[in-house]
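Just the heavy atoms: all of them, side chains too, but no hydrogens, waters or symmetry mates, feed the values below. In the text below, chain A, chain B and the rest are named by the order of the sequence lines, each starting its count at 1. Nothing here was measured: the structure is a model prediction, and the numbers come from that model.
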Amino acid sequence: VPSVLIVDDHPSFRASAAALLEAEGYEVIGEAADGESALELAHRLRPDVVLLDVQLPDIDGFEVVRRLCANGCTARVVLVSSRDGSDFGPLVGQCGAVGFVPKSELSGEALAQLIG
Amino acid sequence: MTFAARLWAGIGVPALLMAAGSGVAAATSGHDDQHVALAVVSPIVGLSFVGAGLLGWTRSSENGTGRLLVMVGLLWFVSAFWEANDRALFTLGSVFGSLFLAAFVHLVLAYPRGRLESRMHGRLIGALYGVALAAGLMPTLFGEGSCTDCPDSAITIVDSTSAYDAVQLVFTVIGLVVFLGVVALLVRRWHRSTAAARRLLAPVYLSGGVALGLIGTSFALDIGSDTAGGVAAAAAFTVFGLVPFFFVGGLLRMTLRRAQATRLLLEVPDEPTAEEAQAGLRRALGDPTLQLLTWVDETQAYVDIEGNFVHTLPEGFPRASTPIEYEGRRLAAIVHEPALRHEPELLAQVTAIARVALEKDRGLQALRRAEARTRALLDAIPDLMFRISREGVYLDANAGDATALVVPREELLGKNVRDYLPPNIADSFMRSVEGALRGNLQTFEYQLDLGGRKRDFEARMVPAEEDEVVVIVRDFTTRLRLEAELASRLEEIQRAQEFTRRVVNAGPSLFLLVDTDGRIVRFNDTVERMFGVRDDERVRGLPWWDVFLPPENREAAQNHCAQLGSGTEQIQAEAEWQSPDGVRRVIDATAIRVVDDEGNTRYLICGQDVTERIHQQEELRAQRDFLSVIARATPSLLAVVEADGTIAEEGVNPAFAAATGYADEHAIGRRFWNLVVAPEYVGEVQRHFKESVATRTPVEYETTWIGHDGGRRLIAWTCRPIPLVGEKYLLSGLDVTQRKNQEAELRASRARIVEAGDEERCRLERNLHDGAQQRLVALSLTLRLAQFKARTDPDAAEKLLEGAGEELSHALEELRELARGIHPAVLSDRGLSAALETLAARAPVPVDLSTQLDERLPGPVEAAAYYVVSEALTNVAKYAKASSVRVNAARQNGRVVVEVADDGVGGADPGRGSGLRGLIDRIEALDGQLEVESRTGGGTCVRAVIPLPEEVDA
């Protein structure tokens, strides 16, 4: 069962996403509300997947991905946002994340397709 | 009986009797210790004076010295009667005893001519006689003094020795003073005398001076000691008795010199040169400095022997002169020592002899001069003159111009006219000679070829002797040439006159000739063209002002005429003239006095029609006044500058003075860039100005000017050449400081509005993203989870759907709130009053709302008013800590006034927050104003005034 770390500043989304993914067979091993916490938890919990909101109160999602890669993190990072992916242009493909899912289309199946 | 015999008998005999009387009186005197000596001395002294005097008198009756000597002698005898024992004689001697001294002084002063030199001397001698008489008379009134043996005075009033002595002392002192005065006078006279005069005066002054000195000494000694006085008196009288012989010696020497003079003059040669004549006169008059001057009628001046002209003869000191005249005509003059005046007889005698010699010499000289003058006159005449015999032989010739002779004069004489003149001329010549010899004046003209040049002559012949004629030949070649030239000139003048006449008639100037009463004599065609009046008999003789001037100008014209009559050279006047049909023209006329070709005095009036010029001047003046008013009234800063940037004499206008603080008195003459342009721009302004001057094209710039008060202003100025005013430029500036500030504020306001819009959109995006969007995302996930659970766990799915319904309500509410924030729908739907009510209702602080808005306002005005209240209420809720808020919105005088006032803590600063700043921009965009009044502890009042567009207001 793949383990997932959910990073988003909105508690309602974190709760909904955790409930949905766990219902679809994922193990949510942690939640973070900002970028610094996400980096710390990823290092400590070593999840298989990091579900990462692009817009965070301290560091934006792209920077968090860059630092995770730099720190040698092996987790697959999937970016999420309530905006459309085209709003970010080529940034998603260049930052090291495995893919992008609009928040409204998040599902275990969508996640599985991205992480293979 | 001769004059001398009569004199000797008439004066000499009585003098002898008086001498005898004085001798007897002295010999028998009972009151004088020296009486015996006096009895001898007194007659001798007296007779020596009388005798010497009579001798002088008879020798030279014009000389008064003799008479004065006689008078001294006679008075001397009178003084000697003091010795008499007879009371009457004693009194006579006492009273008149001092007079001889006065007479003696008179004698000395009058010597050598026997006449006093001046009135001053006359008055002095008169006074001296008075003092002498008083000195004898006054003491005698008081008895005889200390002389106890003297007989009683016949005229004693009070017998008092002390009074007698006192009076005598007084007069002795006066006598001494007078004596010293006379001595001073004589010394002065001596000093002023020339050497010759001193030689004459010396013996007399010496003897007279010694005598007077001794007499003075005896007077002085007499006061102290009778004995010493008596000895001195005796010595004085002895010397005194010798004095007349010196006088007579002098007189006799003068007589001798007269005889000698005659002899010396006779030694002068018969026809002496001027030097010889002068030397003779010098010897005769004994004056080696004498000069002889000869009178020359032609020059009306004297000339000395060296040829120098003398126009004025010296008179008196240090040189005197004596003219020599004959029958009232001047012949000569001698300039000599003034001392010779003392010997008038000598002078008269010598000048008389000189006169005869000079007159004779003068007659000869006059004849010689007359001959020389005649010769000179003949030589000066340019005509040829011949004496020709009846046979035609040249007897004499006189040629002023030798080139007019056929052959030289010497060759001509003795030859016949036929030898030299062409035959035809010689025939005519001889016929005229015959005619002249018959007694008729003959005249004929002929032409000769002399030296290759044709010359014209006119010969006149008159008979001279029986067989000869005098021919006067005049060369009139030049005259003929001149006559031809004259004719040519005359023609030229006539042509010039014709030309002048045409110019006068064709030119634009009018000429009007009037007589001295202002009556028309004639005028030129220009006058006719201007006024339609012909120069004919109808107007000639009429006063010109009646013909050409309107009634109101006629009196002035008459006055001008009178002024010319009283000597004014020229009168210039500009006045309206009028034609008979009433058309008026302004004529600038000058009137001068002239004399016409017949010698009559006329006044010439020359004038020009200046009507058009006056009209143009008036127009120009009006235009200038108009421009001047504009220049004064315009808000533009105007200054007239020279090509070098100096402010010209036309100066600056009031707007310039007001804006810069520099009026004309501070501005004129200074370069405008030094006066007003800020230093950092001076170089640039100079460059631009010079470029504008060089190209004569207008330039336009904006630079900072600094006024007199140091205030900086941004001036948009142009510089453009002023047409027709030489090298001058108009500097015209506009103060754009305020406009620039407003523009800057507008730009800032626009930027703020844009920025506020951007911020607002960011805020909306964030609110949407963080609010409704997140809720909808969560709702979407919840619904997907419920769908997943529906198959496995329907209960759980139902709970999830319930939660989703609540989440959807929250999302809707947030969207509504958001939409209200973007634009309140109530405002656009129901107007400002309703929208304000909604705001008041939602406000957390109680609001007292009052609106006086009858109808809907323009959308931007309603929105601005709404946001003012909305923002103000938000601020009240956030910061004011107020218990209540009052909101008023009313329409007043075409404006909407919105006011939000709370009772909170106050101290709000509109510059701090962006909310109020945004409101200010919004209001100002509508030309309105927003004011915030917020004193600490005094609540805050926000007041917006927004003008309404006119059509709405109406």
Listed by number, the residues in residues 93-104 of chain A that come under 4.5 Å of chain B (heavy atom to heavy atom) are A/Lys103, A/Ser104
Quick one: which residues of residues 32-70 of chain A reach chain B at under 4.5 angstrom, heavy atoms only?
-> A/Gln55
Salt bridge (charged side-chain N to carboxylate O under 4.0 Å, His left out) against B/Arg766, all qualifying residues, sequence neighbours excluded = none
State whether the number of non-hydrogen atoms from other residues, nucleotides or ligands found under 6.0 Å of B/Arg842 atom CZ is greater than 12.
->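 Yes, CZ of B/Arg842 has more than 12 neighbouring heavy atoms, counting only those of other groups under 6.0 Å.
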Counting only heavy atoms not in A/Phe88, do more than 12 fall under 6.0 Å of its CZ?
->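 Atom CZ in A/Phe88 is packed in, count exceeds 12.
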Partner of A/Ser16 under side chain to side chain contact (heavy atoms under 4.5 Å, CB included), picked from B/Leu785, B/Leu781, B/Val777, B/Leu779, is B/Leu781
Contacts of B/Glu765 that satisfy side-chain hydrogen bond (donor to acceptor under 3.5 Å, both in side chains) - sequence neighbours left out =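 Only A/Arg83 meet the side-chain hydrogen bond (donor to acceptor under 3.5 Å, both in side chains) criterion with B/Glu765.
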Polar side-chain atom of B/Gln773 near backbone of A/Ser82 as donor-acceptor pair, under 3.5 Å | yes
